Amino acid sequence: MRAFVLTKYGGPEAAVLRDVPRPSPRPGEVLVRVHAAGLNPVDFKTREGKLKVVQRYALPVVMGNELAGTVEALGEGVTRFAVGDRVFGRMAKAAMGAFADYAAVPEDVLATMPPSLDFETAAAIPLAGLTALQALRDELHLRAGSRVFIPGGAGGVGTFAIQIAKWLGAEVTTTASPRGKALVERLGADVVIDYTAQRFEDHVSGMDGVFDLIGGETLEQAFGVVKRGGTVVSVAALPEPQTALKDLGRGMGLAALFWAVSWRLRAQARKHGVRYRFLFMHPSGAELAELGQLVETRQLTPVIDRVVPFEAIGDAFAYLESGRAKGKVVVRM
Ligand SMILES: NC(=O)c1ccc[n+]([C@@H]2O[C@H](COP(=O)([O-])OP(=O)(O)OC[C@H]3O[C@@H](n4cnc5c(N)ncnc54)[C@H](OP(=O)(O)O)[C@@H]3O)[C@@H](O)[C@H]2O)c1
């Protein structure tokens, strides 16, 4: 079968299209015939070797973290799906493999595709959608009347986050360039700050929480816009001890390392009386089914920047790496 394979850690040349054997589903796994797969910044960060501390793959390995397709075969003990079902999902945490004609996926990370969705749209949902849901609902505990600041609203995660925060009843302030302003407004953002022309810290204050998608100086300034007692959740900065213990299920060794690397950020957060949390999202078929229901009932609309044929996946990577995507980039098999 065709696959996009990571052969070494490095630049664009490190991942290549090649033929590899079709995987066989192990017990509890479903063999999915992939129709579409979503791209995410984690793909090029993995290729560059930036995530080796969290996940080290034996190379060569088929890349890709999320997919939509049809069930081709069932591993032993699979009960939730039947051959021919249309499914979508985020690959298991320590596994990739979505950029291929077939992928073997644990059944518990898959959900049935909403009937109204096409494969490209379904493939755009799992990673970014689950990240936004888990950050806003489970970490920031947004509810009716909450005020949340989401720097970076126009990208893959941001376009889900704005809509999910509105669905939870929150008032949303976000940042976007003039290129993304109309999009984030259409998705429901209440206040939009042009980050290319204004310093958000001069205009935003008293937030209950921040969901940071940018990191760096943006995150450091974001600590100052939250009420004392509030929380700043980032998915784009440095991990902290809870990332190791809660998100990755790892031990005190990695927690201690993350304690050290996040020391300065946590000190800045403490100075403002807020809590810093770095979330590493987790795959979940059950939560994905919730997102599917929101899409089916038109309370959530995935935003797709472009769909690219699988043969041009290198171009899709280059576009995502430019950092300018508006919504999601998807490959069609
Ligand atoms: N920890 C986790 O589990 C997890 C999960 C998902 C994502 N992430 C991380 O979250 C980050 C965002 O992911 P994504 O998929 O949303 O990325 P993305 O789709 O590549 O984001 C691109 C968007 O960001 C906007 N942008 C760039 N710089 C900005 C700035 N300084 N302020 C405001 N907006 C800015 C761009 O708008 P303009 O072109 O208009 O400037 C563009 O629309 C990445 O670092 C990713 O690795 C982590």
Side-chain angles (χ1 to χ4, degrees), residues 6 8-11 14 40-59 61 63 65 90-96 127-128 130-132 134-136 138-141 148-152 155-158 161 175 195 200-201 207 209-226 228-283 320-321 323:
L6 185 65
K8 59 184 179 182
Y9 290 107
N40 296 279
V42 69
D43 297 321
F44 59 78
K45 291 180 185 179
T46 299
R47 189 199 68 208
E48 290 164 343
K50 287 188 175 154
L51 302 175
K52 276 192 217 166
V53 175
V54 175
Q55 183 59 51
R56 191 177 278 269
Y57 293 99
L59 304 182
V61 63
M63 298 189 76
N65 285 287
R90 168 15 171 155
M91 302 296 286
K93 202 172 249 173
M96 299 191 288
L127 197 149
L130 289 172
T131 303
Q134 291 163 10
L136 299 169
D138 306 337
E139 296 292 336
L140 289 173
H141 306 290
V148 66
F149 176 49
I150 305 175
V157 179
T175 56
Y195 78 89
F200 67 81
E201 58 272 29
M207 294 286 136
V210 170
F211 179 29
D212 165 52
L213 303 171
I214 304 296
E217 199 183 322
T218 298
L219 171 63
E220 296 188 21
Q221 295 302 330
F223 290 128
V225 311
V226 185
R228 295 190 83 78
T231 300
V232 173
V233 175
S234 179
V235 289
L238 293 168
E240 39 77 35
Q242 282 301 304
T243 318
L245 300 173
K246 185 176 171 190
D247 301 344
L248 299 170
R250 302 273 280 274
M252 291 306 291
L254 194 63
L257 177 67
F258 288 177
W259 182 89
V261 298
S262 63
W263 188 85
R264 205 173 68 85
L265 280 178
R266 287 183 295 105
Q268 283 176 304
R270 262 198 312 280
K271 202 174 79 188
H272 291 281
V274 306
R275 187 172 80 95
Y276 172 62
R277 170 86 167 95
F278 180 88
L279 173 73
F280 199 85
M281 62 80 63
H282 57 268
L320 190 69
E321 285 186 70

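A quick note: this is a predicted structure, and the numbers were derived from the prediction, not measured. For this chain, numbers begin at 1 and follow the sequence in order.
Residues passing the side chain to side chain contact (heavy atoms under 4.5 Å, CB included) test with Val54 are Leu248, Phe258, Phe280, sequence neighbours excluded. Under the salt bridge (Lys or Arg N to Asp or Glu O under 4.0 Å) criterion, Lys50 pairs with Glu48, sequence neighbours left out. Here Leu51 pairs with Val42, Lys45, Thr46 under the side chain to side chain contact (heavy atoms under 4.5 Å, CB included) rule; sequence neighbours left out. Partners of Lys8 under the side-chain hydrogen bond (donor to acceptor under 3.5 Å, both in side chains) rule, at least two apart in sequence or in another chain, do not exist in this structure. In this structure Arg266 satisfies the side chain to side chain contact (heavy atoms under 4.5 Å, CB included) test together with Glu240, Pro241, Trp259, Ser262, Trp263, Arg270, Tyr276, sequence neighbours excluded. Qualifying side chain to side chain contact (heavy atoms under 4.5 Å, CB included) partners for His282, counting only residues two or more places apart in sequence or in other chains: Lys93, Gln134, Ser284, Glu287.
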Using the rule given for side chain to side chain contact (heavy atoms under 4.5 Å, CB included), can you reason through Val233 versus Leu136, listing the C-alpha separation, both sets of side-chain angles and the distance that settles it, and then say yes or no?
CA-CA 9 Å; Val233 175; Leu136 299 169; over 6 Å; no
Please evaluate residues Phe149 and Thr175 with respect to the criterion side chain to side chain contact (heavy atoms under 4.5 Å, CB included), reporting the C-alpha separation (whole Å), side-chain torsions for both, the decisive distance (0.1 Å), and the verdict.
CA-CA 8 Å; Phe149 176 49; Thr175 56; 3.8 Å; yes
Residue pair Arg47, Glu321: steps toward the side chain to side chain contact (heavy atoms under 4.5 Å, CB included) verdict:
CA-CA 12 Å; Arg47 189 199 68 208; Glu321 285 186 70; 2.8 Å; yes
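Rounding to the nearest 0.5 angstrom, the gap separating the CG atom in Asn40 from the CE atom in Met281 is 8.5 Å. The CZ atom of Phe200 lies 5.5 Å from the OG1 atom of Thr218; values are rounded to the nearest 0.5 Å. Within the model, atoms CG of Leu213 and CZ of Phe211 stand 4.5 Å from one another, a figure rounded to the nearest 0.5 Å. The structure places CE of Met96 at 9.5 Å from CE of Met91, a figure rounded to the nearest 0.5 Å. Atom OH of Tyr57 and atom CE of Met63 lie 8.5 Å apart (nearest 0.5 Å). Within the model, atoms CG of Leu279 and CG of Asp138 stand 8.5 Å from one another, a figure rounded to the nearest 0.5 Å.
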